[in-house]
Each structure stands twice: as C-alpha cells, then as structure tokens.
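All residue numbers in this chain count up from 1 along the given sequence.
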Amino acid sequence: MLFMDFSRTCERLEGTAGRLDMIDIISNELPGLTEEELPVFVRFIMGRIFPDWSSRKLGIGPNLLYEATGAVAGVPKEQVVEKINRTGDVGRAVEELLSVKSQMTFFHEDLDLVHVYNSLISIAEQEGKKSQREKLLAVRRLLGNAHPLEGRYLARIMLEELRIGVGEGSVREAIAKAFSVDSALVEHAMQALNDMGEVARLAKIGPDALGDVRITLFHPVRMMLAQQGTIPDMIKEHGQIAAEFKYDGSRFQFHKKGNWARLYSRRLEDVTGALPDVIQQLLLATDHDVILDGEVIAIKDGKPMPFQSVLRRFRRRHDIADAQEAIEMVPNVFDILYLDGETLIGLPLEERRRRLESVVRLHLAPQVTSDDPAIITKTYDDALAAGHEGIMIKVPSSPYTPGQRGKNWIKIKPEVDTLDLAVIGAEWGEGKRAHVFGSFLLACQDAGKLVPLSRVATGFSDEQLAEVYDLVKDTVIKKAGKEVLFEPSLVFEVGYSELQASTNYEGGFALRFPRFIRIRDDKGIFDIETLEGIKERYRRQATSAQAYQN
C-alpha cells in the first residue's frame with residue numbers, strides 16, 4: 001500500500017461523522033492488505049506507531065518536526081511555528097507548507113506504507129550524542145518525498161496524534177467485519193496481546209488463531225480500571241462484594257519467568273531499572289512464573305507517604321542506591337493475570353484470588369469479602385486509619401478486563417470526586433505568574449477525540465506552575481492573545497464539587513469549583529476519563545440529589 005492511499009483513507013475518515021460509516025471505510029481497506037502491511041495500517045489508523053505493550057518512543061518532539069518541515073519547505077522554523085499558530089493543527093500546517101514545496105519540486109519518490117513504518121522504527125533506534133541530528137535528517141527525507149496530503153498525516157503520526165476520530169472500538173468492529181469473525185474474539189485477543197495490529201493479522205488467519213491467543217510474559221497488558229460508586233449500591237446489586245485497600249501509590253505489573261523479572265508502570269513503561277528493591281521483594285514472594293497486578297507505595301516511619309514520593313522513584317534513572325536508602329518502597333499485590341503458562345484474566349476474581357494466595361507468600365494486599373455494609377465500612381475506616389486513600393470494591397464473579405473502566409471495580413474515597421483529564425490548552429498568568437501559564441483547558445476523550453470539558457486555575461503552587469510550564473512549553477501548536485493550545489501530552493487529576501450541564505464546552509458539561517490535585521504522569525492520554533463516564537457520573541449525581549430531596 002502506498003502511503004498516499006493510506007492518507008486518502010485518513011482524509012475520508014476525518015470527514016466522516018458516523019461511527020458505522022467509519023467502520024465500513026476501515027473494514028473495506030483491511031482485506032486487501034498484505035501480512036506485513038496489515039499491522040502497520042491498523043496501528044497508524046489509531047495514531048500509533050508501536051504496539052500498545054511497547055514502551056518504545058519515537059523521540060521526535062514538535063521542535064524537531066518544525067525544524068525539519070522548515071528545511072524541506074525552504075522557510076525559517078519561525079514561519080512554520082507561525083503557520084501552526086494560525087491553523088491550530090500541525091498536520092494541516094505541514095500540508096500547506098509542503099504544497100509550496102511541491103510547486104517547486106519535480107521529483108517525488110513514492111512513499112510506501114511499510115517503508116514509512118521502517119523509517120520511523122529506524123528513527124526510534126537512534127541513540128547517542130548525534131541521535132537528534134540523525135533523527136532530523138531522517139524526518140527531512142520522509143517529508144522531502146511526501147506529497148502535501150501525506151505530510152498532513154505523516155506529521156500527525158510522528159506526534160502520535162492523528163485527530164481523525166477513530167477509536168479502538170471502531171477498529172475492533174472493523175476487523176471483525178472485514179474478516180467475518182466475532183468481535184468478542186477480537187476483544188479477547190486484544191486484551192491478551194495489547195496490540196491491535198497483531199490482532200488484525202490473526203483475524204485474517206481466522207477465528208481459531210484469535211481464540212488461541214494467550215498472554216505473553218514481558219508483553220504487558222493494560223491494567224483494569226475502576227470508576228466511582230458507593231458501598232450500598234454495590235451490595236444492593238451484587239450481594240457479596242470484595243473490599244481491598246486503595247493505595248496512594250503507583251500501579252505496577254510484575255512479570256517473572258524463573259529468576260528473570262521486569263516491572264511495568266501503569267503506562268506500560270519498563271521501570272525495572274528504577275525499582276530494583278521492589279523487584280527483589282517480589283522475586284522473594286513467589287517461586288512461580290507469574291504476571292501480578294499491584295500497587296507500590298512509599299513508607300516512612302510505618303506510614304504511607306504521598307503519591308509524589310512514589311512517582312519520584314518511578315522517574316529516577318540515576319543514583320538508585322541513594323534513593324533506596326531515602327525512601328522505602330513496598331509492593332502490594334492484589335491480582336494475578338498469568339500463572340505458569342496459563343492465562344487467568346477470564347476467570348472470576350474469587351478464583352484468581354485463590355490462585356494468588358496459593359502462589360504468592362509475601363506482599364499480598366488484604367481483602368475482605370462480605371455482604372454486610374458494616375463490615376465493608378469498617379474496612380474502609382481501617383484503610384483511612386492506616387493512611388491509605390480509601391477502598392476498592394470488586395465484584396467476586398468478575399473477570400479481569402484489561403484497559404476497561406467498568407462497574408466491576410469501584411473506588412471509595414472521602415475527598416471530593418476527581419477526574420483524570422488531558423491538558424489541551426492554557427492561558428498566560430498575571431502579575432508574578434505572568435511568565436508561566438495560570439489556567440488550563442482540560443478535555444476528556446470520546447471515540448478517539450479529545451473533547452473540552454473545563455478549565456482549572458486553582459490548587460497550584462508557584463513551583464507546580466513552573467513544573468507544568470517546563471513540561472508543556474515545547475508542545476504549543478497555536479497562540480491567540482493570552483491563550484495557547486498544546487499537542488496533548490499531560491494528564492491532570494482534578495477535583496470538583498459537582499458536574500453541571502453546560503453549553504460552554506463541547507462535551508456538554510462543566511466542572512463546578514475545579515481544583516488541581518496533581519500531575520498524573522503515570523497515566524497517558526488514552527487513560528483519561530471518557531465522555532460516557534462523565535455522563536454516567538452526572539446521572540448518578542442527579543439520582544443522589546433526588547434521593548436526598550425526597
């Protein structure tokens with residue numbers, strides 16, 4: 001497949017509003033692709049280069065892309081930035097600039113889809129002092145051969161922000177339709193492989209290939225997520241429920257085969273090198289080949305330390321030994337996904353817990369199972385007294401559903417409700433904060449798109465505003481007076497008093513009294529709250545208010 005054909009498909013999808021129409025467009029393209037092209041096409045159409053389980057990064061920031069575009073178009077980098085500011089879209093800005101270049105150029109080497117992919121892989125592999133220059137030259141070569149429309153989508157793929165509204169669910173249904181397989185089989189394979197590109201390749205082989213998929217050690221799967229809820233509602237709906245402490249730490253996934261082990265963060269990044277002490281504790285906890293799900297916390301004087309203390313260790317790349325002495329890290333294991341060659345995610349929680357207790361002898365998170373509200377409430381009180389955030393309520397009969405935020409896991413916390421939202425824009429501060437951004441535009445996700453939901457301007461210290469500025473200053477894609485827009489890369493946890501229906505934001509809601517809680521750089525853009533989740537919170541809020549009034 002030529003990259004131009006891929007780009008035309010993207011253009012059609014970008015101009016298509018209906019989800020079913022999108023599924024038809026994608027499903028019609030898939031059968032004609034070769035075995036080599038199929039995984040690349042599927043990942044690219046979702047705005048990704050690498051499998052979801054991979055922690056590899058392309059290593060191309062906006063500034064490098066701007067410099068390469070300017071060199072190819074024959075204009076200064078500042079003119080590229082100006083064009084991006086006017087359009088608010090890196091892809092369309094690159095397209096316009098390459099249109100000028102095309103009028104002066106009589107030779108193009110047609111870009112092939114797989115060739116583009118291999119070039120991006122080569123860019124990602126560049127390391128060392130000269131790596132940025134080599135990356136720049138490689139990007140210039142790609143853009144130099146790109147037609148304007150190809151440039152639009154090539155630039156967006158490099159920044160892993162395709163902006164055509166294709167979500168994972170649409171791709172799953174398109175694969176099922178293209179190869180006449182059950183979408184449940186596609187979902188099963190995706191949960192285990194965490195790579196929709198490879199899932200598509202297997203679907204082309206047939207349903208048996210999808211059904212035979214198993215979790216693979218050292219290929220991390222996405223972690224199951226929780227939503228807000230209440231103890232009475234869970235007991236009313238399910239009867240007996242399982243309660244576990246909710247830790248103010250960082251999720252981890254531990255993979256072990258023999259004496260070889262790796263540790264992955266919530267974002268599926270390999271953090272083994274930063275946490276050798278945690279690795280050692282978990283190696284001593286079991287003699288089996290396992291994949292364990294848990295949360296690591298920092299302890300001082302027997303009490304849990306704040307989340308940021310844990311995060312500093314996850315980020316650390318140097319002076320690890322000194323950090324181990326300064327902060328004690330303790331893992332808490334609460335689930336098992338794989339045991340001695342067997343995939344366990346389809347088993348109910350109560351069976352997974354039995355397996356977990358039979359093979360892990362240390363660092364097991366306590367669990368209380370009951371249908372008595374008083375017993376569950378006592379567990380909640382015990383968690384708070386021990387310095388933890390609250391409790392998790394889990395349905396004993398539920399399977400482990402990677403990457404999904406459903407009603408089988410519920411979090412109970414005493415503080416105000418919080419949301420994890422993407423930072424997509426900002427406004428410059430005033431007075432002593434005039435040199436940093438003072439308020440931020442936040443978005444949730446909806447079918448592959450980021451939908452504005454609220455602004456937040458309170459809860460920040462001067463140090464936090466300075467940190468946020470350093471993190472986002474190089475991702476600005478548009479300026480208009482005091483306001484800027486970013487290529488999304490940062491996630492905020494934001495507290496609020498209630499959700500309100502609002503026409504001020506595209507999502508149809510706004511947050512009342514939003515307040516910054518913390519940066520969640522353990523989470524990626526695809527981990528943020530969905531618009532459907534917001535709607536469910538709003539319905540639950542309205543129900544609670546009505547019950548109170550009655």
Side-chain angles (χ1 to χ4, degrees), residues 48 50-55 168 187-196 214-228 242 244-256 261-272 274-275 278-279 282 290-297 307 310-311 314 331-339 343-349 352-353 355-356 360 363-365 367 389-395 398-411 418-420 445 491 493 520-530 533:
R48 299 168 196 176
F50 306 104
D52 285 1
W53 59 263
S54 174
S55 59
E168 184 177 301
E187 176 69 14
H188 156 79
M190 180 57 186
Q191 288 180 347
L193 289 176
N194 206 15
D195 178 4
M196 195 66 90
R214 299 291 182 269
I215 287 178
T216 304
L217 281 166
F218 310 113
H219 282 204
V221 300
R222 286 177 292 180
M223 299 177 189
M224 188 169 173
L225 306 173
Q227 64 182 38
Q228 299 281 354
E244 301 169 0
F245 289 177
K246 185 181 190 312
Y247 302 99
D248 189 16
S250 285
R251 285 283 289 277
F252 67 78
Q253 196 174 104
F254 175 72
H255 290 231
K256 173 184 177 293
R262 311 300 293 176
L263 199 71
Y264 302 93
S265 71
R266 184 183 186 124
R267 297 179 67 174
L268 308 186
E269 295 170 323
D270 190 329
V271 293
T272 305
L275 297 158
V278 175
I279 289 281
L282 291 170
V290 293
I291 297 176
L292 304 176
D293 187 3
E295 189 138 348
V296 63
I297 60 174
F307 166 79
V310 182
L311 205 54
F314 269 72
N332 296 276
V333 179
F334 48 71
D335 217 325
I336 183 167
L337 284 61
Y338 172 100
L339 175 60
T343 297
L344 306 181
I345 61 175
L347 297 178
L349 171 66
R352 298 199 309 276
R353 181 72 188 193
R355 303 279 189 102
L356 180 65
V360 175
H363 306 297
L364 272 176
Q367 184 187 84
E389 278 194 314
I391 58 172
M392 298 289 299
I393 301 293
K394 300 180 179 179
V395 179
S398 63
Y400 190 100
T401 51
Q404 294 187 13
R405 188 187 305 276
K407 296 181 179 180
N408 288 324
W409 284 17
I410 298 296
K411 50 189 174 184
T418 64
L419 289 167
D420 296 320
Q445 59 174 319
V491 176
E493 181 180 356
R520 291 305 303 254
D521 54 0
D522 61 325
K523 292 189 175 185
I525 297 300
F526 297 110
D527 297 322
I528 65 172
E529 187 65 64
T530 64

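Applying side chain to side chain contact (heavy atoms under 4.5 Å, CB included) to V333 and the options V296, L356, D293 leaves one that passes, L356.
When the side-chain hydrogen bond (donor to acceptor under 3.5 Å, both in side chains) test is applied to R48, the partners found at least two apart in sequence or on another chain are D52. Listed by chain and number, the residues in a ring pair (Phe, Tyr, Trp, His ring centres under 6.0 Å) with H219 are W53 (sequence neighbours excluded). Q445 is linked by a side chain to side chain contact (heavy atoms under 4.5 Å, CB included) to L450, I528, T530, counting only residues two or more places apart in sequence or in another chain. Shown here are the side chain to side chain contact (heavy atoms under 4.5 Å, CB included) partners of I410, two or more places apart in sequence or in another chain: Q227, M234, I393, I412. For R405, the salt bridge (Lys or Arg N to Asp or Glu O under 4.0 Å) test picks out no residue, with sequence neighbours left out. For A365, the side chain to side chain contact (heavy atoms under 4.5 Å, CB included) partners are Y247, N332, F334, not counting sequence neighbours. Remark: R222 pairs with E168 by the salt bridge (Lys or Arg N to Asp or Glu O under 4.0 Å) rule, at least two apart or across chains. Taking the side-chain hydrogen bond (donor to acceptor under 3.5 Å, both in side chains) definition, one finds that K394 meets it with E244, sequence neighbours left out. For the side chain to side chain contact (heavy atoms under 4.5 Å, CB included) test, residues two or more places apart in sequence or in another chain that qualify with S54 are F50, P51, R56. Y400 meets the ring pair (Phe, Tyr, Trp, His ring centres under 6.0 Å) test with W409; sequence neighbours excluded. Remark: D527 pairs with no residue by the side-chain hydrogen bond (donor to acceptor under 3.5 Å, both in side chains) rule, at least two apart or across chains. The side-chain hydrogen bond (donor to acceptor under 3.5 Å, both in side chains) test applied to E295 returns no partner, not counting sequence neighbours.
Remark: F254 CZ to I336 CD1 distance equals 11.0 Å, nearest 0.5 Å. From K523, atom NZ reaches atom CD of E529 across 8.5 Å, with rounding to the nearest 0.5 Å. With rounding to the nearest 0.5 Å, the separation of CD1 in I279 from CZ in R262 is 7.0 Å. From M224, atom CE reaches atom CZ of R251 across 9.5 Å, with rounding to the nearest 0.5 Å. Separating the CD1 atom in I297 from the CD atom in E389 is a distance of 11.0 Å, to the nearest 0.5 Å. A distance of 5.0 Å separates CD1 in I291 from CD1 in I215, rounded to the nearest 0.5 Å.
You'll find the side chain of H255 reaches within 4.5 Å of the side chain of P220, heavy atoms only. Looking only at side-chain heavy atoms (C-beta outward), V290 and L339 come within less than 4.5 Å of each other. Taking 4.5 Å as the limit, every side-chain heavy atom of N194 sits out of range of all side-chain heavy atoms of P402. Between S265 and D522, the closest side-chain pair of non-hydrogen atoms is not below 4.5 Å. Under the 4.5 Å side-chain criterion, counting only non-hydrogen atoms from C-beta, L344 is not in contact with D335. Residues F252 and L282 meet the side-chain proximity criterion, which asks for heavy atoms closer than 4.5 Å. Contact of the V221 side chain with the L337 side chain is registered, since non-hydrogen atoms from C-beta on lie closer than 4.5 Å. Side-chain contact between Q191 and T343 is absent, with no heavy atoms from C-beta onward closer than 4.5 Å.
A pairwise comparison of heavy atoms in L347 and R355 identifies CD1-NH2, 3.9 Å as the closest pair. Taking both residues in full, the closest heavy atoms of H188 and R214 are given as NE2-NH1, 4.4 Å, listed atom of the first, atom of the second, then distance. E493 and D420 make their closest contact through CB-OD1, 3.5 Å (heavy atoms, listed as atom of the first residue, atom of the second, distance). Contact record, P399 with G346: CB-O, 4.0 Å, taken as the closest heavy-atom pair.
Under a 3.5 Å cut-off, the side chain of T272 and the backbone N or O of L263 do form a donor-acceptor pair.
Enclosure of atom NZ in K407 is not indicated, since only 12 or fewer non-hydrogen atoms of other residues, nucleotides or ligands lie within 6.0 angstrom.
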